[in-house]
There are 2 protein chains.
Amino acid sequence: MGATEGRLSSEDRREQILAAATAVFGERGYAGGTTDAIAREAGISQAYVVRMFGSKEQLFLEVARRAVGRLEAEFRAVISQFSGEETMLERQSALGRAYGELVADRGILLSLLHLFGLGHDPVFGPEARDSFLGVYRLVREEAGFSPEDATDFFARGMLNTILLAMRMPDRKEDPMAFELLSTSMGPQCEAILALYEDAPARA
Amino acid sequence: MGATEGRLSSEDRREQILAAATAVFGERGYAGGTTDAIAREAGISQAYVVRMFGSKEQLFLEVARRAVGRLEAEFRAVISQFSGEETMLERQSALGRAYGELVADRGILLSLLHLFGLGHDPVFGPEARDSFLGVYRLVREEAGFSPEDATDFFARGMLNTILLAMRMPDRKEDPMAFELLSTSMGPQCEAILALYEDAPARA
DNA sequence: CGGTGAAGTAATCAATTGATTACCTCTTGG
DNA sequence: CCAAGAGGTAATCAATTGATTACTTCACCG
């Protein structure tokens, strides 16, 4: 995301800022992510970040809504392929792979995790609950998961996301950590660890 | 935690500040939790909070270490009761109850969750990974869980913690939310929801 | 051309916040 | 009593940060 690009259309710039904000909020959370860090990541001025979205709060809301949108879109794409002939296990791993795809755009899942930590907030709290329930409803009703299967699926997803948030892959040489990572992430473990190698490490 | 108490010994005051900090950091996270909010919660001056612990960073470190300590202590207490005759399911629900106990002191689990979100941080990142691996090791080696059982156990714990962090119990009248809560928390659901009623809501 | 509107920024502001300092106020032992 | 040390705070600082404003630059159209 260097500063090498010249002028962009409002629409393109908007996308670029959203991408930068997703990365920054994903790493630092809402309170910890500054509009200045986002601006630097996008190669523009801090003033423009704020002006384009009105406020940091609005920007985070858009980041969160995009993230949920991507998650739901990815799930729906998989669900639409269901024939009704699959075993439950097949459905579960298909959705699991969809989830795995999202790891590539790491900020998406991490931003959502940070959103979920803001339940106390009068703005983000309701947003978090609505978002989570929306995805749960999707998996229950459209993917046809039982309450137990859906809960297991989300539980595993949350553990995987937290392992990424804490950068557990940094410890993959530790046998205990590797066991945990590969047990939790299952067959996608290798792919995810590989993806993770090019971690920005823009701490 | 009113301001009704007079002078306390350094030791008592320290405990009180740690309790206040656990609650505040649990709700707002590290970046979002101010030393001033902690001071108000403890009924003392902001200056004293900082002076007692040297820095906000040190304070959060102590909060996090205490939280992990409590979690491990609770687990060890349960594990020490194991006879070697239980089924795996019995062991799992015994540890699950131990986890449930900690919900009473809600800040503990939520502070840990926020710690886990700080994997990028040069100080808190390593702390988070060490802490998590320490508890995992405990469950694997001392409680005798297989990698799969341990992973399932942690996955469920993470989902439960996130549901608390996002205040999903506020939505318990929504059938979908209630289904999710009761499926994830299992038999302890009622007790946890009851505990949650007296949520401080000190947003 | 020239001017008009969109893209973008430098400069600056006001509020917040972690930290520091100098001071106050009890208690307690000699 | 009184000195000394521990508990504790008011006042203040410097840095950070989200937001605002006035300005600049550039593309394009008539």
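Labels below follow one simple rule: chain letters A, B, ... track the order of the sequence lines, proteins then strands, and each chain is numbered from 1. Values in this document were obtained by computation on a predicted structure and should not be read as measured data.
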I'd like to check the ring-ring contact (aromatic ring centres under 6.0 Å, His included) partners of B/Y99; sequence neighbours left out, ordered by chain and number.
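In terms of ring-ring contact (aromatic ring centres under 6.0 Å, His included), with neighbours along the sequence ignored, B/Y99 is linked to no residue.
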
Please work out if A/G33 contacts a base, only the sugar-phosphate, or nothing of the nucleic acid, heavy-atom cut-off 4.0 Å.
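Sugar-phosphate: the residue A/G33, judged by heavy atoms under 4.0 Å, touches backbone atoms but no base.
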
For A/R51, which contact category applies under a 4.0 Å heavy-atom criterion: base, sugar-phosphate, or nothing?
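Base contact - A/R51 has a heavy atom under 4.0 Å of at least one base atom.
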
Is B/Y48 near enough to D/dT9 that one of its side-chain N or O atoms lies under 4.0 angstrom from OP1 or OP2?
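Checking B/Y48 against D/dT9: no side-chain N or O falls below 4.0 Å of OP1 or OP2.
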
Residue pair A/E57 / A/Y30, side-chain donor-acceptor N/O under 3.5 Å
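A/E57 vs A/Y30: no donor-acceptor pair found between side chains.
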
Euclidean distance, atom CD of residue B/Q46 to atom C1' of D/dG8 [Å, nearest integer]
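Going from B/Q46 (CD) to D/dG8 (C1'), I get 13 Å.
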
Taking atom CZ of A/F82 as the centre, does the number of heavy atoms from other residues, nucleotides or ligands within less than 6.0 Å exceed 12?
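Yes, the 6.0 Å shell around CZ holds more than 12 heavy atoms from other groups.
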
So with a 6.0 Å cut-off around CD of B/E190, is the heavy-atom count from everything else above 12?
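Not buried by this count: 12 neighbours or fewer within 6.0 Å.
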
With B/E101, which residues qualify under salt bridge (charged side-chain N to carboxylate O under 4.0 Å, His left out), at least two apart?
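B/E101 satisfies salt bridge (charged side-chain N to carboxylate O under 4.0 Å, His left out) with no residue once adjacent residues are dropped.
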
Of A/T34 and B/S10, whose nearest nucleotide on DNA chain D comes first from the 5' end?
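It is B/S10, whose closest nucleotide lies nearer the 5' terminus.
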
Check this for me: does any side-chain nitrogen of one of A/R14 and A/E62 sit under 4.0 Å from a carboxylate oxygen of the other?
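Yes.
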
Where chain B begins and ends its contact with DNA chain C, read 5' to 3' at 4.0 Å from heavy atoms
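Boundary nucleotides touching chain B, in 5' to 3' order, are C/dT17 to C/dC26.
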
